[in-house]
Amino acid sequence: METRKAKIIAVDDKHWLAIDAGDGEIRIPLSEDKPNEVKSAFNKLLTRLKSGVFKVELEGAGDDLFSQVAKEYLVQLNKEIPTVRAEMVKRGLVAK
């Protein structure tokens, strides 16, 4: 299983979880309620998932609130990735 790296990016008072997808960066907003940006990020993750199962590891996280949120986000994401990939295979959307 491939491992992709993620980091928290902070600019002024805005924070994102930035995931290196290999062919670009996927940003998930952590400090703002932006459902369209979250939806776009998950669509990019689904596209990336077509290439195979992967897990995401957070680099350089601290003990601040945004680091804790990002860590929990990735725990849930890493649990869901294999399940979603299996469902994609089951439905014939990707080859095994």
Side-chain angles (χ1 to χ4, degrees):
M1 177 184 314
E2 184 180 5
T3 300
R4 304 305 316 169
K5 300 295 182 183
K7 61 186 174 187
I8 297 170
I9 296 175
V11 177
D12 297 324
D13 62 343
K14 297 178 181 165
H15 295 77
W16 295 268
L17 175 60
I19 301 170
D20 173 14
D23 60 348
E25 187 175 78
I26 300 170
R27 288 190 179 188
I28 300 171
L30 297 174
S31 58
E32 296 180 283
D33 184 21
K34 299 222 173 183
N36 287 336
E37 285 185 30
V38 173
K39 181 180 175 180
S40 175
F42 278 97
N43 284 337
K44 290 175 185 175
L45 286 168
L46 284 172
T47 299
R48 173 62 186 80
L49 192 53
K50 289 179 182 180
S51 300
V53 176
F54 59 94
K55 68 178 181 175
V56 183
E57 287 184 356
L58 186 60
E59 295 181 324
D63 290 327
D64 60 286
L65 176 63
F66 294 109
S67 292
Q68 296 303 316
V69 169
K71 287 176 190 175
E72 186 57 34
Y73 219 119
L74 291 179
V75 165
Q76 295 303 317
L77 182 63
N78 286 328
K79 283 182 184 177
E80 292 294 324
I81 286 173
T83 304
V84 172
R85 172 68 183 189
E87 190 65 26
M88 291 170 82
V89 170
K90 179 180 171 185
R91 295 181 182 264
L93 300 172
V94 295
K96 198 171 189 177

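These numbers come from a predicted model, not from an experiment. Heavy-atom basis, side chains included; hydrogens, waters and symmetry copies ignored.
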To the nearest 0.5 Å, tell me how far [X] [atom1] sits from [Y] [atom2].
X	Y	atom1	atom2	result
Y73	I28	OH	CD1	4.5 Å
I9	E25	CD1	CD	4.0 Å
F54	L49	CZ	CG	5.5 Å
K44	R48	NZ	CZ	14.5 Å
K5	E59	NZ	CD	5.0 Å
L45	I19	CG	CD1	5.0 Å

hydrophobic_cluster_shared for V11 and V69, side chain cutoff 4.5 Å: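 No; tracing contacts between hydrophobic side chains, which count when under 4.5 Å, never links both residues.
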In one Ile/Leu/Val/Met/Phe/Trp/Tyr side-chain cluster, 4.5 Å: I26, V75: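 I26 does not cluster with V75.
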side-chain contact (heavy atoms from CB on, under 4.5 Å) partner of S67, the single match among D64, L65, D63: D64
Test log, rule salt bridge (Lys or Arg N to Asp or Glu O under 4.0 Å), inputs R4 and E57: CA-CA 6 Å; R4 304 305 316 169; E57 287 184 356; over 6 Å; no
How far apart are the closest heavy atoms of [X] and [Y], and which atoms are they?
X	Y	value
G22	D20	N-OD1, 2.9 Å
E32	P29	O-CB, 4.0 Å
L30	W16	CD1-C, 3.9 Å
R27	A18	CG-CB, 4.2 Å

Neighbour count above 12 (heavy atom, 6.0 Å) for K71 NZ: yes
Between Q68 and E72: side-chain donor-acceptor atoms closer than 3.5 Å: no
Derivation and outcome, side chain to side chain contact (heavy atoms under 4.5 Å, CB included), residues L58 and I8: CA-CA 8 Å; L58 186 60; I8 297 170; 4.2 Å; yes
Listed once per pair and sorted, the salt bridge (Lys or Arg N to Asp or Glu O under 4.0 Å) pairs that draw on residues 75-90, sequence neighbours left out: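 Salt bridge (Lys or Arg N to Asp or Glu O under 4.0 Å) check on residues 75-90 returns E87-R91.
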